[in-house]
Amino acid sequence: MDFDDTELYRDITGLAHDAPAWVQHTAEVGTEAGILLFVALFAAAWWRARRDSAQAFAIAVLAPLATAVAYVGSELLKSLVEQERPCRAVAGAAASLAACPPHGDWSFPSNHATIAGASAAGLVLVRRALVALTAPLALLLAFSRVFVGVHYPHDVVAGLLLGAGVALIAVRLATGPATRLAQAMRGSAAPVVRWLTGPGPRREAAPGSPYAAHRRP
């Protein structure tokens, strides 16, 4: 695969090479920290969904699973394309800030960008308001992979699109069956299963029941 964005890659890595040391260090750490932040957001979404509807809970669980599917798809595509890393293939570029992965750890598409795109899209399906956080985070994480010198720009663009597309399709297709499974699990006799799935939304006490008198107006 040959996309002519090597000049853009040189420009970005040159900018990275001339950046202050704290910017370089933040970019190196941020490529991994961004993934951990998405993991934390997935965990928070699952915890919150335990007291939501079965469908909301199903989507919260499907989002990280869809991200894993997108990652596998990225790995399979890498093995088919076999594009060399730009930190090894592009002559005249500034040295990469991150260690250049070994030969055989192919460049297209970016796994980090794929995970970022899938995570951002999946979390938006959980709660639309999260787009203000997840979209900029995914773009920043993807850009950082070019900034530190281990991917071409087209690698991260493809990764973002692949991840988001797989997550949106996978969650949409699996929501129905996953919702029915969540409903069944919430009725399980096993305490661990009920704890994992949560009690669902709090039900209002029926009029005339002993609990109704204790409800606040």
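Small disclaimer: the values here were computed from a predicted structure and weren't measured.
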Keeping the roles fixed (side chain from Thr67, backbone from Ala63), state whether a donor-acceptor pair exists under 3.5 Å.
yes

Report the residues that fulfil ring-ring contact (aromatic ring centres under 6.0 Å, His included) with Tyr9, sequence neighbours left out, ordered by chain and then residue number.
Tyr152

With sequence neighbours left out, what residues match Arg48 under salt bridge (charged side-chain N to carboxylate O under 4.0 Å, His left out)?
none

Take atom CZ of Arg88 as the centre, draw a 6.0 Å sphere, and report whether it contains more than 12 heavy atoms from other residues, nucleotides or ligands.
yes

Are the side chain of Arg85 and the backbone of Gly149 linked by a donor-acceptor contact shorter than 3.5 Å?
no

Check whether any side-chain N or O of Gln24 sits under 3.5 Å from a backbone N or O of His17 as a donor-acceptor pair, and report yes or no.
yes

Report yes if some heavy atom in the side chain of Trp106 is under 4.5 Å from a heavy atom in the side chain of Val81; otherwise report no.
no

Shortest non-hydrogen pair, Ala116 vs Leu141, comes out as CB-CD2, 4.1 Å

Testing the basics here: between Arg186 and Ser53, what is the closest heavy-atom pair and its distance to 0.1 Å?
NH1-C, 3.5 Å

Quick one: side chain to side chain donor-acceptor pair (under 3.5 Å) partners of Asp52, sequence neighbours excluded?
none

Using 0.5 Å steps for rounding, measure from the OG1 atom of Thr114 to the CG atom of Leu77.
8.5 Å

Non-neighbouring partners of Asp11 that pass salt bridge (charged side-chain N to carboxylate O under 4.0 Å, His left out), sequence neighbours left out:
none

How many angstroms lie between atom CZ of Arg145 and atom CD1 of Ile12, to the nearest 0.5 angstrom?
13.5 Å

Between Met185 and Arg194, does a side chain to side chain contact (heavy atoms under 4.5 Å, CB included) hold up when you go through it step by step?
CA-CA 7 Å; Met185 292 176 69; Arg194 293 201 308 271; over 6 Å; no

For Leu8 and Pro153, the nearest pair of non-hydrogen atoms, with its separation, is CD2-CG, 3.7 Å

Please tell me if the side chains of Pro199 and Arg51 come closer than 4.5 Å, counting only heavy atoms from C-beta onward.
yes

Arg10 side, atom CZ; Leu15 side, atom CG - distance, nearest 0.5 Å
15.5 Å

Locate the shortest heavy-atom distance separating Cys100 from Ser96; write the atom from each residue and the value.
N-OG, 4.2 Å

Is Trp22 reachable from Val148 through a run of I, L, V, M, F, W or Y residues, each pair having side-chain heavy atoms under 4.5 Å apart?
yes

Nearest 0.5 Å, what's the CZ-OG1 distance between Phe143 and Thr31?
13.0 Å

Is there a side-chain contact between Gln83 and Lys78, using heavy atoms and a 4.5 Å cut-off?
no

Of all heavy-atom pairs between Ala113 and Ser110, which one has the smallest distance, and what is that distance?
N-OG, 3.0 Å

Between Trp46 and Leu196, is there a donor-acceptor pair closer than 3.5 Å when you use the side chain of the first and the backbone of the second?
yes

Do Leu97 and Phe147 have side-chain heavy atoms sitting under 4.5 Å apart?
yes

Starting from Val146, can I reach Val90 by hopping between I/L/V/M/F/W/Y residues whose side chains sit under 4.5 Å apart?
yes

Should Pro101 and Cys87 count as side-chain neighbours, where that means a heavy-atom distance under 4.5 Å?
yes

Donor-acceptor pairs under 3.5 angstrom involving side-chain atoms of residues 160-183: please list them, not counting sequence neighbours.
residue: Thr175; atom: OG1; partner: Val171; partner atom: O; Å: 2.5
residue: Thr179; atom: OG1; partner: Thr175; partner atom: O; Å: 2.6

Whether the His112 and Glu32 side chains hold a donor-acceptor pair (N or O, under 3.5 Å, no angle test) is what I'd like checked.
yes

Treating Ile, Leu, Val, Met, Phe, Trp and Tyr as nodes and any side-chain heavy-atom pair under 4.5 angstrom as an edge, say whether Val157 and Leu80 lie in one connected cluster.
no

Show me the donor-acceptor pairs within less than 3.5 Å that the side chains of residues 117-135 make with the rest of the protein, sequence neighbours left out.
residue: Ser119; atom: OG; partner: Ile115; partner atom: O; Å: 2.7
residue: Thr134; atom: OG1; partner: Leu130; partner atom: O; Å: 3.1

Looking at OG1 of Thr197 and CZ of Phe57, how far apart are the two atoms once the value is rounded to the nearest 0.5 Å?
5.5 Å

For Trp195, does its backbone N or O pair with a side-chain atom of Arg50 as donor and acceptor, under 3.5 Å?
yes

